[in-house]
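Please read these numbers as outputs of a predicted model, since none were measured by experiment.
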Amino acid sequence: MTAFCEQVVKKVKGSFPASRSLYVCANTICENKEVYMHPKSVRTRFAPSPTGYMHVGNLRTALYEYLIARSSDGEFIVRIEDTDQQRQTEGAEELIFTTLEKVGLAHDEGPDVGGPYGPYVQSQRLDLYPGFAHKLIDSGHAYRCFCDKNRLESLRHDAASEEYAASGYDRKCRNLSCHAVDELLASGKPYVIRQKMPLEGTTSFEDAVFGRITVDNSELEDQILLKTDGFPTYNFANVVDDHAMRITHVVRGSEYLSSTPKYNLLYDAFGWEKPEYVHLPLIIGEDGRKLSKRHGAVSFSNLVEQGYLPEAIINYLALLGWCPKENRELYSLEELCEAFSVDRISKSPSVFDYQKLEWFNGEYIRKMAASEFLSHCEPWLAQVFGTIPPAATLLAELLQPRVTRLSDIPDMIRFLAVHQQADVSLYTNKKSKSTLDSTIKVLPAVIEKLSGLSQWDRESIHDALISLAQELEMKNGQVMWPARIAVSGQSVTPGGAIEILLLLGKDESVSRLNKVYAFLSDQKEPS
RNA sequence: GGCCCUAUAGUCAAGCGGUUCAAGACGCCGCCCUCUCAAGGCGGAAGCAGGAGUUCGAUUCUCCUUAGGGUCACCA
């Protein structure tokens with residue numbers, strides 16, 4: 001007992017090295033759970049597989065896991081599920097951590113920060129799983145299966161095989177005699193270990209959002225626990241690790257709903273306490289299908305590239321499938337921790353709505369301090385001007401109420417860097433009472449007036465143009481409209497004539513106006 | 001196809017048998033503001049999938065139908 005305690009203490013302090021005695025230790029942990037922990041504390045885990053990109057569905061799962069932990073003062077753990085050797089991607093793990101950091105989901109334990117229940121990468125716990133699998137064989141809850149892939153494949157293609165259709169694998173090896181097994185083992189034939197499902201009866205469990213789920217055991221396949229390469233399947237590693245890491249709330253997408261009974265049977269076989277289950281409704285695309293790459297930008301980095309802010313993404317995701325008690329929508333992460341509760345998670349799948357995300361993004365942009373917005377703009381301004389223009393502050397001020405995605409900025413301001421002649425038809429505008437004739441009439445006066453200005457600021461330009469309208473007995477619009485169109489070359493601009501002139505500077509403005517006037521005069525003459 | 005799940009406007013959704021019963025938000029439309037567009041303000045159109053049953057009374061409870069989705073891998 002003393003030795004055990006020492007081991008536990010060592011482990012809690014995190015000084016326990018990842019070694020082959022891990023098996024022994026985990027085994028000890030599992031069988032002495034009362035000694036080992038703080039049963040009250042909520043522990044959730046984000047267990048992504050390092051596939052190289054962070055799907056918003058995964059991010060939302062991570063968010064809810066984080067919120068569940070934080071809202072009850074519990075711990076949030078990150079565990080990497082890399083038991084599929086085929087799917088390893090370079091830098092994938094890194095991406096997971098940078099994403100979590102960008103959105104502010106700080107974890108208490110994980111491969112990068114350590115913790116008392118490590119290692120937190122499944123490929124580093126490989127020597128843990130076979131022992132557990134063999135324990136299950138000993139207790140009669142699992143068996144070795146020597147069927148090769150070809151047989152399974154042909155089983156699957158054999159439509160006549162109703163037995164297979166009923167429960168997946170046909171359980172050929174389930175009742176192999178000891179003698180037969182020994183012989184196969186001796187021959188060195190590779191095998192997997194499968195879970196022995198009960199043939200009759202039902203299994204049910206209580207899900208925090210979906211309620212009671214019951215399935216017939218006859219529906220359950222004798223799933224593979226340990227692959228021929230000695231790696232565990234997700235189905236197995238997941239259960240072993242969730243238990244070993246003392247996870248109290250298993251939070252995941254509802255696509256796992258139908259396999260949860262199998263996991264519970266595993267917990268029962270080991271005699272372990274089962275966790276609470278919180279299955280989340282799926283995030284789907286416009287077409288009603290599970291959101292996937294063909295729906296467009298569905299990874300966190302895609303979204304950021306498209307100009308969405310991490311805070312806006314998180315806020316939107318929080319409200320996608322969960323509804324606060326209070327009738328409001330703008331929540332910071334901290335506020336979400338306060339407000340979140342599992343019982344307000346909805347059951348039906350929700351469509352990922354880019355328009356609504358865009359609205360959130362606009363809200364966050366407008367809420368920003370001007371200086372902060374400016375720094376967000378800078379890379380986009382540099383993209384157009386090659387450098388940060390002197391008028392950046394003014395530009396940002398004009399952009400802030402008008403931008404919904406940062407990536408829209410370049411197209412909105414490109415006209416400032418490159419002057420293009422407006423389509424002649426643009427000079428005709430009913431509301432401003434502007435026509436091509438009035439434009440041709442007013443332009444020389446505008447040029448003259450502006451050229452004569454000694455000051456180039458908002459007020460001077462404003463006064464000059466307004467007084468010009470009065471002098472010519474024209475409406476303000478008849479002056480402002482053509483000036484803006486001429487100088488910008490387009491009908492819609494961020495800011496009015498005065499702002500655009502201000503942005504361009506006196507020399508550039510006058511030069512553009514002259515160019516346009518010359519062009520328009522030429523156009524006019526033939527007719 | 002078997003099994004499981006879901007079902008309030010185009011979308012996210014409140015509602016958890018009857019004081020207000022169909023909130024609120026995005027989007028859409030209109031008006032105001034206005035040197036364009038935004039932002040902002042005001043207003044509008046738009047919904048309980050269908051059918052039985054329980055009940056004095058169903059959006060709300062039960063069943064059926066229909067429609068969607070998920071899942072049936074040595075993927076997670």
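Distance noted for atom C1' between G41(B) and C5(B): 44 Å (whole Å). Distance check on atom C1': A22(B) versus U54(B) gives 23 Å, rounded to whole Å. Spacing between A13(B) and A7(B) at atom P, rounded to whole Å, works out to 11 Å. Using atom P as the reference point in both C64(B) and G2(B), the two lie 15 Å apart (nearest Å). A gap of 49 Å separates the C1' atoms of G40(B) and U65(B), to the nearest Å. When the C1' atom is compared between U62(B) and G70(B), the two are found 25 Å apart, to the nearest whole Å. The gap from the C1' atom of C48(B) to that of U59(B) amounts to 5 Å, rounded to the nearest Å. Nucleotides G50(B) and A67(B) place their C1' atoms 11 Å apart, quoted to the nearest Å.
When the C1' atom of C74(B) is taken as reference, atom NZ of Lys172(A) falls 17 Å away, rounded to whole Å. Atom CD of Glu363(A) is separated from atom P of A39(B) by 10 Å (rounded to the nearest Å). As a whole-Å value, the separation of Asn476(A) CG from U34(B) P is 11 Å. Following rounding to the nearest Å, Leu257(A) (CG) and U71(B) (P) show an atom-to-atom distance of 11 Å. Summarising the geometry, the separation between CD1 on Ile283(A) and P on U6(B) is reported as 18 Å, rounded to the nearest angstrom. Between Lys262(A) atom NZ and C4(B) atom P there is a gap of 14 Å when expressed in whole angstrom units. Residue His462(A) contributes atom NE2, which lies 12 Å from atom P of U36(B) at whole-angstrom precision. Atom CG of Asn315(A) and atom P of C26(B) are 13 Å apart (whole Å).
At a threshold of 4.0 Å, the pair Arg402(A)-Asp408(A) does not count as salt-bridged, since none of the basic side-chain nitrogens sits closer than that to a carboxylate oxygen. Of the charged side-chain nitrogens involved, none lies within less than 4.0 Å of a carboxylate oxygen, so that Lys347(A) and Asp207(A) do not count as a salt-bridged pair.
Closest to the side chain of Leu282(A), from the set C74(B), G70(B), U36(B), is G70(B). Listed nucleotides C75(B), C35(B), G27(B) differ in distance to Ala497(A); the shortest reach to its side chain belongs to C35(B). Of the candidate nucleotides U36(B), C74(B), A76(B), A76(B) has the atom lying nearest to any side-chain atom of Thr83(A). Closest to the Glu221(A) side chain, of the nucleotides C72(B), C26(B), C3(B), is C72(B). In this structure, the nucleotide among G69(B), G40(B), C74(B) sitting nearest to the side chain of Arg366(A) is G40(B). Each of C4(B), A38(B), C74(B) was ranked by its minimum atom distance to the side chain of Thr228(A); first place goes to C74(B).
For U71(B), the OP1/OP2 oxygens have a side-chain nitrogen or oxygen of Lys290(A) closer than 4.0 Å. Look at Thr404(A) and you won't find any side-chain N or O under 4.0 angstrom from OP1 or OP2 of A38(B). For Lys227(A) and C75(B), the shortest distance from a side-chain N or O to OP1 or OP2 is below 4.0 Å. For Arg289(A), a side-chain nitrogen or oxygen approaches OP1 or OP2 of G69(B) to under 4.0 Å.
Ring orientation note: the planes of Tyr256(A) and Tyr234(A) are tilted relative to one another, at an angle of 30° to 60°. The aromatic rings of Tyr191(A) and Phe146(A) sit tilted, their planes meeting at an angle between 30° and 60°.
Residue contacts shown for Asn235(A) include a base, since a base heavy atom lies under 4.0 Å away. Among the heavy atoms of the strands lying under 4.0 Å from Gly288(A) are primed sugar atoms or P, OP1, OP2 only; no base atom is included. Within the nucleic acid shown, Ser491(A) comes within 4.0 Å of at least one base atom, counting heavy atoms only. In this structure, Ser49(A) reaches the sugar-phosphate backbone alone: every heavy-atom distance under 4.0 Å involves primed, P, OP1 or OP2 atoms, never a base. Here Ile498(A) lies in heavy-atom contact (under 4.0 Å) with a base.
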Q. What do the steps show when you test Leu309(A) against Leu406(A) for side chain to side chain contact (heavy atoms under 4.5 Å, CB included), and what is the final call?
A. CA-CA 8 Å; Leu309(A) 269 10; Leu406(A) 297 170; 3.6 Å; yes
Between Asp423(A) and Ser425(A), is a side chain to side chain donor-acceptor pair (under 3.5 Å) present by the stated rule, with each step listed?
CA-CA 5 Å; Asp423(A) 188 294; Ser425(A) 66; 2.8 Å; yes
Before giving the answer on side chain to side chain contact (heavy atoms under 4.5 Å, CB included), spell out for Leu394(A) and Arg458(A) the whole-Å C-alpha distance, their side-chain angles and the decisive distance to 0.1 Å. CA-CA 11 Å; Leu394(A) 172 60; Arg458(A) 255 200 177 98; 4.0 Å; yes
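Interatomic distance, NZ of Lys475(A) versus NZ of Lys431(A), reported as 11.5 Å (0.5 Å rounding). Atoms CZ and OG, on Arg414(A) and Ser488(A) in that order, are 14.5 Å from each other to the nearest 0.5 Å.
Not a single donor-acceptor pair, N or O on each side, falls under 3.5 Å between the base of C72(B) and the side chain of Ser258(A).
Applying the Watson-Crick and G-U wobble criteria (two distances, each under 3.5 Å), G43(B) pairs with C29(B). Remark: G18(B) base-pairs with C56(B). Criterion, Watson-Crick or G-U wobble with two distances under 3.5 Å. Judged by Watson-Crick or G-U wobble contacts below 3.5 Å, the nucleotide G1(B) has C72(B) as its partner. Across all strands shown, C12(B) forms a Watson-Crick or G-U wobble pair with G24(B), both key distances being under 3.5 Å. Pairing for C63(B) goes to G51(B), judged as Watson-Crick or G-U wobble with the two contacts each under 3.5 Å. Here C37(B) sits opposite no nucleotide as a Watson-Crick or G-U wobble pair (both hydrogen-bonding atom distances under 3.5 Å).
Each of Tyr364(A), Tyr354(A), Tyr308(A), Phe352(A) was evaluated against Tyr316(A); a single residue qualifies, Phe352(A), per the ring pair (Phe, Tyr, Trp, His ring centres under 6.0 Å) test.
Residues Leu465(A) and Leu450(A) are in side-chain contact: their nearest non-hydrogen atoms beyond the backbone lie under 4.5 Å apart.
Between Gly495(A) and Arg328(A), the residue anchored nearer the 5' end of RNA chain B, judged by the nucleotide with its closest heavy atom, is Arg328(A). Residues Ala47(A) and Val215(A) both approach RNA chain B. Their nearest nucleotides, taken by heavy-atom distance, put Val215(A) toward the 5′ side.
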Pull out every protein N or O sitting under 3.5 Å from an N or O of nucleotides 7-14 of chain B, one pair per line with the distance.
| from | atom 1 | to | atom 2 | distance (Å) |
| --- | --- | --- | --- | --- |
| C12(B) | OP1 | Val351(A) | N | 3.0 |
| C12(B) | O2' | Leu319(A) | O | 3.2 |
| A13(B) | OP1 | Gly321(A) | N | 2.8 |
| A13(B) | OP1 | Ser346(A) | OG | 3.3 |
| A13(B) | OP1 | Ser350(A) | OG | 3.3 |
| A14(B) | O3' | Arg344(A) | NH2 | 3.4 |

